Amino acid sequence: MRLDFTPEELAFREEVREFAARAAPDAMRRKVRDGEELTKDEFVAWQRIMQARGWAAPSWPREHGGTGWTLSQRHIFEEEMAAADCPQQAHFGLSLIGPVLYTFGDEEQRRRHLPGILSGDVWWCQGYSERQAGSDLAALQTHAVRDGDDYVVNGHKIWVTYAHWADMIFALVRTSREEKRQRGISMLLIPMDAKGVTVRPIETIDRNHQINEILLDDVRVPVANRVGAEGAGWGYGKFLLARERGVGATQRRLRRAVERLRDRLRRAPGPDGRPLAEDALFADRLTQLEIEVIGLEVTVLRVLAELEAGHEPDARSSMLKIRSAELLQRITEMAVEAGGTEAMPFVPLDDATLPPGAAHAVRNYLYTRATTIFGGSAEIQRNVIARQILGL
Amino acid sequence: MDFSLTTEQQMLSDSVARFARGGTEASWATMAALCWTAIAIPEASGGLGGSAVEVMIIMEGLGRGLVAQPFAESCVLCPTLLTELGEGHRPELQGMASGTLRAAFAGAEAETRFDPLNPRLRAGRRPDGWILDGVKSFVPDGAAADHFLVTARTGSEGPSVFRVPRDAPGLEREDFLCFDGHPASRLRFTGTALPADALLGAEGGAGPAIELALDRATAALCAEALGAMEALREATAEHLRTRQQFGQPLAGFQVLQHRLVDMFLACEEARSMTLLATLRLEAERRERIRAVSAAKARIAQLARSVAYQAIQLHGAMGMCEEFTVGRQAKRLIAIGMLYGDADHHRRRFACA
Ligand SMILES: Cc1cc2nc3c(=O)[nH]c(=O)nc-3n(C[C@H](O)[C@H](O)[C@H](O)COP(=O)(O)OP(=O)(O)OC[C@H]3O[C@@H](n4cnc5c(N)ncnc54)[C@H](O)[C@@H]3O)c2cc1C
């Protein structure tokens, strides 16, 4: 047993560290540090930087334009990028639909869609949820009816992140009604500019526009845009959800998030005029968070080691998602607590200015409430563990 | 022991409920017309001389209906401050009672965190009055206020309070909305010259009045939180009963039932704590401080956990600005931070 990386892996860490130190423009790095959302242009620019370095797709195999890195290398990569305040790569194309396409898509689909994901030129969004189909995704009603070489799609999708930025959506739709609801579902790739696609913004409690409702009204989609077999979409959807929940960038970002929180506490005035970092109550809670992040980090390493040894990904990814979401919620919560009433001002009126960083801290705090809701809620993840690991 | 409402109090409670449901326009003018603005002001100063229980009833109703009016500040905190400073005869109080004049309390500063008794803002003497320099970083409802009650330090020990009209020279105001949608302002005083009678009460002697005024406002906020918590608990129960997933109402999942039970327990505890704070406002100082700070410390925690649960159990809908759930949750989180967060009040309780 050992808890350390090999000399080769450590050399790799040096290589990434060197790149990470210079890769992101200062403005981008500052945004990451302050927890500010990147613009679409910035995400695209960042993807170009990564592609220029040959690291467009850290998690993809070589033959599809990826780095072909081992899981340990990817882990090291994520850690170093996080430590240097580099942005995360937009994940809908790279982590979600890309792998589905190179695993289940046909040659033509790979040729058409993978390059745009690697270059950042094509933005993807994920169309799964519907009003009546949230946790119970198999209840989805949006249906596609065959008409010659096309499907005609009708229905709606909701809570779709960055649909207003997207060029393409990968959507789960019902192509037939079966006894078992999961059976009649297919995955379609739909251009967002297709006739009959309407995107409506939804404002969230962080007063941001990130998620949307999409109305699909007689949208014609070529049958060639179906991924894999008709009625097999549920399996691809699950494949993809496992990736969304699995060992991801978020867990590697927690350590840095705690460090930034510590910085914040050093600057914030506490009771008695001393910095908040010296306040016993805050210092104790920060230490607690730090220790819990370490616990998660080691768990991540254990899961990684199992995957590298060839184990299939399983419900353990749910455990990582639960813990990282809950930790992120507490870290962002404490950043707002640290501000006291200085954290309250949110929207400046007329030419007022806000305390530096206040709005970002609150925005992250409020948005982060969603991390236990999306991609399978914390309750659903617990159900999965109960069933699949504990056999209950 | 008796926690029941009198007939009049029950009527007030019903009337607040109608108001908050939008049965009547939930405006300041309506609150004034219903004489609520006068309720916490002594009769000698032109008010109705009501008790803390009436204030609690009104605030609980406002919280339940998510009404954003500065009742706690303008009708409880500021009038208390004036009367406790021996300025009960001031004509401003009549205006505040009739709702035509609004005051805001300018106490918070970035450097002093939640400590209201050691302001950094300086008040210097000049031959015919005072001159103020410094910043008040967080003044709830500053934009709508006709005048500010500003805490400051002078040459002497202890804080003083000054009355500053909104158009005073050398006073700059920046307005913003807080994350809960409530307005607040930052005030910057640069050589703001004030007449001698701008000082309220004795120089350096405002500490006890500030403490009592904040305690009354804090108890009022506890009641607002209670109302909002109850509303969220009911909305969440209703959502779980009606929302179907996996072919059954969410309320059928036992783990969610238990969450609702936890929300219920939180509401009950919050009610106890609100009553404790409210019914001890007239007690001697130490007992009052322990009651109010215990209540605020606990309610800050309970309110936040109810807010989080309500969002979580509503799923993505709970994240939407459009629905009341998320906005009410944000208000609860904000209340937890106003006039001292849980840390601050635990400390104050322990040191009292
Ligand atoms: C910010 C944000 C971004 C999103 N982005 C996307 C996106 O890009 N694409 C997309 O398709 N979707 C997206 N979603 C939707 C997300 O996947 C759903 O919100 C999620 O699946 C939960 O569904 P729901 O909101 O309908 O809640 P519901 O399923 O109605 O759940 C409500 C509550 O009940 C609980 N619950 C439900 N079933 C059970 C059970 N069996 N046992 C115990 N508890 C249960 C849930 O945990 C939750 O607390 C996003 C959501 C958010 C908030």
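Here the structure is a predicted model, which means the values were calculated and not measured. Only heavy atoms go into these numbers, but all of them, side chains included; no hydrogens, no water, no symmetry mates. Below, chains carry the letters A, B, ... as their sequence lines are ordered, and counting in each starts from 1.
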Less than 3.5 Å apart, any donor N or O on the side chain of [X] or [Y] sitting next to an acceptor on the other?
X	Y	result
A:H164	A:N212	yes
A:E37	A:Q210	yes
A:T332	A:N364	no

Donor-acceptor pair, side chain of A:E203 and main chain of A:I211, under 3.5 angstrom: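 Not a single qualifying donor-acceptor pair exists.
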
Check B:L214, B:D215, B:T218 against B:K296 for a side chain to side chain contact (heavy atoms under 4.5 Å, CB included) and give me the one that passes.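 So, applying the side chain to side chain contact (heavy atoms under 4.5 Å, CB included) to B:K296 and each of B:L214, B:D215, B:T218, only B:T218 qualifies.
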
Members of residues 324-331 of chain A whose heavy atoms come closer than 4.5 Å to chain B: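 Result: none.
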
Looking at B:H314, B:R259, B:R304, B:R233, which one forms a side chain to side chain donor-acceptor pair (under 3.5 Å) with B:Q309?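 Answer after filtering B:H314, B:R259, B:R304, B:R233: B:R259.
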
Run the salt-bridge test on [X] and [Y] with the 4.0 Å N-O cut-off and return the result as yes or no.
X	Y	value
A:R181	A:D136	yes
A:E36	A:R363	no
B:R113	B:D341	yes

Pick whichever of [options] has the most heavy-atom pairs under 4.5 Å with chain A.
options	value
B:E322, B:R186, B:E111	B:R186
B:A334, B:G247, B:A184, B:S185	B:A334
B:R243, B:H344, B:M317	B:R243
B:S137, B:G340, B:A108	B:S137
B:D343, B:L250, B:I311	B:D343

Side chain, backbone, both or neither: which part of [X] has a non-hydrogen atom closer than 4.5 Å to chain B?
X	value
A:L137	neither
A:T353	both
A:R285	side chain

Applying side-chain contact (heavy atoms from CB on, under 4.5 Å), run through B:Y308 and A:T372 and close with a yes or a no. CA-CA 10 Å; B:Y308 290 173; A:T372 46; over 6 Å; no

Most contacts with chain B, counted as non-hydrogen pairs under 4.5 angstrom, among A:I373, A:L349, A:I205, A:I158: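 Most heavy-atom pairs within the cutoff with chain B belong to A:I205.
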
Please identify, among A:D279, A:D351, A:V336, the residue contributing the most non-hydrogen atom pairs under 4.5 Å to chain B.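 Heavy-atom pair counts peak at A:D279.
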
Please look at B:R347 and chain A and tell me whether the side chain, the backbone, both or neither of the residue comes under 4.5 angstrom of a heavy atom of that chain.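 For B:R347, the contact with chain A is made by the side chain alone.
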
Heavy-atom distance under 4.5 Å to chain A: side chain of B:D175, backbone, both or neither?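 The answer is both parts of B:D175.
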
So B:L81 and B:F105, side-chain contact (heavy atoms from CB on, under 4.5 Å) or not? Walk me through it. CA-CA 9 Å; B:L81 197 51; B:F105 176 64; 3.7 Å; yes

Check the orientation of A:F374 and A:Y367. Use parallel for under 30°, tilted for 30 to 60°, and perpendicular for over 60°.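 It falls in the tilted class, 30° to 60°.
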
